[in-house]
Structure formats: C-alpha cells, structure tokens
Amino acid sequence: MIYFLSDAHLGSRAIDNPQAHQQTLIAMLQEMAKDATAIYLLGDIFDFWCEYFWRDSSKEQYRPFLQTLRALTDKGIDIHFFIGNHDIWTFGWLEKEAGVIVHRKPESIVLNGKRLFLAHGDGLVTSNYIEQLPKKVQKKIRSFIFLRKVFHNPVLQFLFRLLPPAWANNFGYEWAKNSRLKELEHPCPYKGEDKEELVLFAKEQEQLGNHHDLYIFGHRHIELDLMLSRNSRIMILGDCWQQFTYAEMNEKGIMMMAYDNERN
Ligand SMILES: [Mn+2]
C-alpha cells in the first residue's frame with residue numbers, strides 16, 4: 001500500500017496538547033507501516049521548521065516523531081517529505097536524521113501505472129484566474145506569492161539560519177500560530193469547481209497537455225475527491241491536525257480514509 005498525508009502542523013502553538021497530537025500522528029504512521037511500501041508526506045508536517053547553523057534545542061520535542069520516521073525508513077519504507085509553506089527550511093538534517101527523501105518542488109511520478117502530480121499546493125495558481133478576481137482578493141494572493149518568493153530566496157534563507165534559534169523560532173511559531181487561529185475562526189470551505197485554485201490549476205495542466213491521471217495536494221485542509229474528466233482526478237487530503245485524513249493506494253485504486261484514533 002502507498003499512503004499520502006499532509007498538514008499535521010506538528011508543534012503548533014494553537015494545539016492544546018502537542019505531545020498527544022504527535023502521538024496520534026505516530027500511531028497513524030505505525031498503522032500504515034504494517035503494509036506500506038511508501039509514504040508521501042505532502043507538506044506542512046511541521047508548523048514551523050528551520051535548520052539553523054546553530055544547535056536548536058527546540059527540535060527535541062519532535063524526537064518521538066523523528067525516531068518513528070527513522071524506524072520506518074530503516075525498515076525499507078520510502079518516506080517522501082515534500083516541503084510545505086510552513087516547513088520550507090530543511091537543508092539536509094531531516095534526510096540525515098530520519099532517512100526521508102526531501103522534495104522541494106512538485107513531482108510528476110508514475111505509481112501503479114498511473115501518472116501522478118504531487119505537491120503541497122501552495123503557490124499553484126493559474127495567472128488568468130487571478131485577474132478575474134476582485135482587487136482585494138488579488139492583493140491577498142499577490143502578497144502570498146511575494147512572501148513565498150521571500151521564503152524561498154537562498155540569500156534570505158542563509159541569513160535567517162544565522163539568527164539565534166530561540167528568537168527566530170519564537171517569531172516563526174507565532175506567525176504559524178496566527179494562521180492556525182485564523183483558520184479556526186474563519187474556516188475556508190471548498191470553493192467549488194470554478195473557484196478552488198488547485199482544481200483550476202489541475203484543469204489548466206490538462207488543457208496544456210500535461211496530462212496526469214491523478215493530482216494529489218495538501219495545503220487546503222479540506223477533503224476533496226473529484227473527477228476532472230473521464231481519466232483525470234484530483235484529491236485534496238484534508239489534514240492531520242484535526243481530521244487525520246489520508247489517502248491509500250494500491251493496484252486496485254486510491255481512496256480517501258480517516259484515521260480513527262479511538263479504534264486503534
Ligand atoms: Mn500549507
């Protein structure tokens with residue numbers, strides 16, 4: 001079985017009991033490990049992540065999770081870690097520590113004879129769609145894209161890694177906490193086929209002739225499983241901080257699932 005999950009936001013200051021949250025994610029991964037050949041973590045697994053040039057004692061809190069990843073990769077399960085928009089700044093430490101394969105860009109891969117497009121999903125907007133939106137929304141999207149460029153800039157990344165971890169982490173975790181709280185206050189449900197950015201993105205790829213049988217994204221914290229055409233489908237994975245949803249795939253097909261922590 002191949003598993004896909006995203007958006008755990010481990011370490012979020014908006015979560016009441018971060019250790020219990022981490023344990024649920026670990027239990028979920030251990031359940032998957034029973035028959036997994038590969039696990040795809042599609043971004044925002046950490047609410048904030050930066051590998052500094054200095055020792056960072058805050059990473060200690062993730063020891064149980066990182067040890068679980070290490071145990072699974074040692075067992076021969078491929079774990080693919082896609083960076084999200086909250087855990088961009090990994091520079092080799094995660095690979096070394098947990099044995100995961102880090103992906104910094106969307107990937108196009110073939111699994112079980114199907115062509116898959118995998119990405120966290122941030123920053124994937126079709127440009128002509130933005131122009132149709134009200135000015136206020138345009139401004140919001142453009143500032144997100146600008147910030148994304150800043151966060152992905154190697155020079156600024158280098159400078160941020162020079163900061164004292166305790167100080168920089170406080171800044172990062174507070175920024176991330178605000179976006180979680182905003183989401184709790186104003187949840188953004190599925191916008192519909194003609195407005196949901198990732199659906200529009202996938203449709204555009206199909207129109208451009210960049211065909212994929214399946215598009216899988218995280219980022220939106222909504223569950224979506226939608227046919228785009230007879231032979232193309234999009235899935236948005238929900239999240240693993242409140243819903244604990246995921247997708248599982250074998251030769252027969254792919255399905256959205258929800259992990260039931262009580263049952264296990
Ligand atoms: Mn995200």
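Whatever order the structure lists ligands and atoms in, that order sets their numbers, starting from 1.
Per residue Asp44, closest N, O or S atom to the Mn ion (ligand 1): atom name OD2. Note on His120: its N/O/S atom closest to the Mn ion (ligand 1) is NE2.
Contact annotation: His219 places an N, O or S atom under 2.8 Å from the Mn ion (ligand 1). Backbone or side-chain N, O or S atoms of Ser6 do not reach the Mn ion (ligand 1) at under 2.8 Å.
With no hydrogens or angles considered, no side-chain donor-acceptor pair links His120 and His103 at under 3.5 Å. Neither side chain, Gln205 nor His212, offers a donor N or O lying under 3.5 Å from an acceptor on the other.
Residue Phe158 places its CZ atom among 12 or fewer non-hydrogen atoms of other residues, nucleotides or ligands, all under 6.0 Å distant.
Using cut-offs of 30° and 60° for the angle between ring planes, the Tyr62 and Trp49 rings count as tilted.
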